[in-house]
Q: 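Dropping the structure in here first, questions after.
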Amino acid sequence: MSESDFGRGRGAMCPLHPDHLAQRTCTRCGNFMCDACSEGGTHVHCPTCREREGLGQAFPLDRHNWSIGGLLEVCWERFKREWVMLSVGAILFFAAAMVGSFVSQILSFIGGLSGSTTVTVLMVIVGTVVSWVIQGMGTLGITRMCLDVLQGQRADLGRMFSQFSKLVPYLLTLLLSFAVMLPVIILCFGAALAVFLGMTGIPLDVGNSAAAVEAAMSNAPTHVYVVMFVVGIGLYIFPGLWLVMPLVLMQPALVDAENPGPVETLKRCFAAAQGQRMGMLGTMFIGAVIFIVGIFLCCLPGIPALAFFQLLLAGLYLSLSKGAEEV
């Protein structure tokens, strides 16, 4: 007799819905459950047990009531309940990143052995795409798990493998995000180069300018590089950070959409980030500090720290996306 036939075969009724036949039992307390209690079989615990364990609770924050402290509190409470499975998901996420990087290096190495520039470039491109695909599977998978936990569900490891259909939108959105970041990169490097040329007095209209720049770089005093660094970082912070910050919401936005498109995904990210960039920066800074501390303590604490960082990022998206359509 199957589980779904258990209640019907015994003639048991659901204690919370007496007019409904029980279809299964709660795996925690053993009470009968109907389809309404299990929400169509999506829960193995009855509503009472879910309430006791904090399951089934909607994410409480939106862009009007969220704060960094409030987000940390909500994420920490959800993390404590599911930290083991989230950490396993983080291990798979980390493994995907390592495998993707390894495959990319192997293909680049094989291309270099060919002795052909065309083959080498082709293998580098193929290796990069394969790396993005493998890493994208891990990224979208751990994000799906985090969104589930924050929305009151259990951390299901099987959800790590539920996002394959979104790999193509992920790659296209990633390429589009690089195009968005390109002006920031050009601005920062161009300004730093202009500072270097100005402080060293190297003209740009001479035929041997490349050689002159190379010679000047080896003899330039330290303060020149300090000024270059300050100018580059300053421009990256503003206006660069204003442009780049919404992109940290890209993965959760992709996972949260049924049929995501690259342009629509970035539009949602920028709408969610509107007027919230300082709070986003503070949240990312705190998450990065937690992750770095976990790494320095030892490799083992770094895994749950990575899981919590991913949970914090997913929570940031949920907070800012709720009500973003009103902005």
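If you read the sequence from its start, that first residue is 1, and numbering goes on from there. Keep in mind that the numbers below use all heavy atoms, side chains included, and drop hydrogens, waters and symmetry copies.
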Q: Kindly determine whether Q135 and T139 satisfy side-chain hydrogen bond (donor to acceptor under 3.5 Å, both in side chains), including the steps that lead there.
A: CA-CA 6 Å; Q135 294 174 2; T139 299; over 6 Å; no
Q: Can you give the donor-acceptor pairs under 3.5 Å from side chains of residues 252-266 to other protein atoms, not counting sequence neighbours?
A:
from	atom 1	to	atom 2	distance (Å)
D256	OD2	Y317	OH	3.2
T265	OG1	G261	O	2.7

Q: Hydrophobic cluster mates of F189, side-chain heavy atoms under 4.5 angstrom, ILVMFWY only, any path?
A: I185
Q: Mind running side chain to side chain contact (heavy atoms under 4.5 Å, CB included) on L150 and C75 for me, showing each step along the way?
A: CA-CA 7 Å; L150 291 172; C75 289; 4.1 Å; yes
Q: Any side-chain heavy atom of S177 within less than 4.5 Å of one from T173?
A: no
Q: If Ile, Leu, Val, Met, Phe, Trp and Tyr residues are connected whenever their side-chain heavy atoms lie under 4.5 Å apart, and connections chain through other members, are V168 and L174 in the same group?
A: no
Q: Which atom pair, heavy atoms only, marks the closest approach of S108 to V124?
A: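 So the minimum-distance heavy-atom pair works out to OG-CG2, 3.7 Å.
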Q: Could you pull out all residues at least two apart from D148 that satisfy salt bridge (Lys or Arg N to Asp or Glu O under 4.0 Å)?
A: R144, R159
Q: How would you list, by chain and number, every residue that makes a side-chain contact (heavy atoms from CB on, under 4.5 Å) with V99, sequence neighbours excluded?
A: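 For V99, the residues satisfying side-chain contact (heavy atoms from CB on, under 4.5 Å) (neighbours in sequence not counted) are V103, I134.
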Q: Is there a chain of hydrophobic side chains (I, L, V, M, F, W, Y, each step under 4.5 Å between heavy atoms) that links W242 to V248?
A: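 Same cluster: W242 reaches V248 through Ile, Leu, Val, Met, Phe, Trp or Tyr contacts under 4.5 Å.
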Q: Start with the C-alpha distance between L157 and L92, add both sets of side-chain angles, then the distance that settles side chain to side chain contact (heavy atoms under 4.5 Å, CB included), and finish with yes or no.
A: CA-CA 10 Å; L157 200 60; L92 294 178; 3.9 Å; yes
Q: Could you tell me if the side chain of V74 sits less than 4.5 Å from the side chain of P60, heavy atoms only?
A: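 They are in side-chain contact.
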Q: Using every non-hydrogen atom in the two residues, find where A273 and P246 come nearest and quote the distance to one decimal.
A: CB-CG, 3.6 Å
Q: Is any side-chain heavy atom of F161 less than 4.5 Å from a side-chain heavy atom of M137?
A: no
Q: Using modelled atom types and a 3.5 Å cut-off, is there a donor and acceptor pairing between side-chain atoms of S87 and backbone atoms of W83?
A: yes
Q: If you look only at distance, which donor and acceptor atoms sit under 3.5 Å apart when one is on a side chain in residues 283-293 and the other is two or more places apart or in another chain?
A:
from	atom 1	to	atom 2	distance (Å)
T283	OG1	G279	O	2.9

Q: Can you name the residues that form a ring-ring contact (aromatic ring centres under 6.0 Å, His included) with F79, not counting sequence neighbours?
A: W76, F308
Q: Please check if atom CH2 in W66 has more than 12 non-hydrogen atoms from other residues, nucleotides or ligands closer than 6.0 Å.
A: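 Check passes, neighbour count above 12.
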Q: State, yes or no, whether a side-chain contact exists between Q276 and R63 at a heavy-atom distance under 4.5 Å.
A: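 Q276 reaches R63 side chain to side chain.
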Q: Any side-chain heavy atom of Q310 within less than 4.5 Å of one from C146?
A: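 The answer is yes, as the side chains (C-beta and beyond) meet within the 4.5 Å cut-off.
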Q: Would you kindly confirm whether L107 and M98 end up in one hydrophobic cluster when ILVMFWY residues are joined by side chain heavy atoms under 4.5 Å apart?
A: no
Q: Do you reckon I110 sits in the same ILVMFWY cluster as I125, going by side-chain contacts under 4.5 Å, direct or chained?
A: no
Q: My understanding is that only one of Q23, H17, R24 makes a side-chain hydrogen bond (donor to acceptor under 3.5 Å, both in side chains) with D35; could you say which?
A: R24
Q: Could I get the full list of side-chain contact (heavy atoms from CB on, under 4.5 Å) partners for L243, not counting sequence neighbours?
A: V180, V184, F270
Q: Is it true that V84 and F309 fall in one hydrophobic cluster, defined by side-chain heavy atoms closer than 4.5 Å?
A: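 Yes, it is one cluster - the side chains of V84 and F309 are joined through contacts under 4.5 Å.
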Q: Sequence neighbours left out, what passes side-chain contact (heavy atoms from CB on, under 4.5 Å) with A194? Give chain and number order.
A: none
Q: Please give me the minimum heavy-atom distance between P183 and A179, naming the atom from each residue.
A: CD-O, 3.2 Å
Q: Report the residues that fulfil salt bridge (Lys or Arg N to Asp or Glu O under 4.0 Å) with E73, sequence neighbours left out, ordered by chain and then residue number.
A: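 Residues passing salt bridge (Lys or Arg N to Asp or Glu O under 4.0 Å) with E73: none at all.
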Q: Are T120 and S114 side-chain neighbours, meaning at least one heavy-atom pair lies under 4.5 Å?
A: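 Sidechains of S114 and T120: in contact.
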Q: Could you go through residues 227-240 and list every donor-acceptor pair under 3.5 Å that involves a side-chain atom there, pairing it with any protein atom two or more places apart or in another chain?
A:
none

Q: Hey, is the main chain of F59 close enough, under 3.5 Å, to the side chain of K322 for a donor-acceptor pair?
A: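 Yes; at least one donor-acceptor contact below 3.5 Å.
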Q: Are the side chains of M160 and L140 in touch, meaning some heavy atoms are under 4.5 Å apart?
A: no
Q: Taking the side chain as C-beta and beyond, is there a heavy-atom pair between M33 and T25 under 4.5 Å?
A: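 No, every pair of side-chain atoms sits at 4.5 Å or beyond.
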Q: Hydrophobic cluster mates of M278, side-chain heavy atoms under 4.5 angstrom, ILVMFWY only, any path?
A: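 Besides M278, the cluster holds no residue at all.
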Q: Quick one: ring-ring contact (aromatic ring centres under 6.0 Å, His included) partners of F178, sequence neighbours excluded?
A: W132
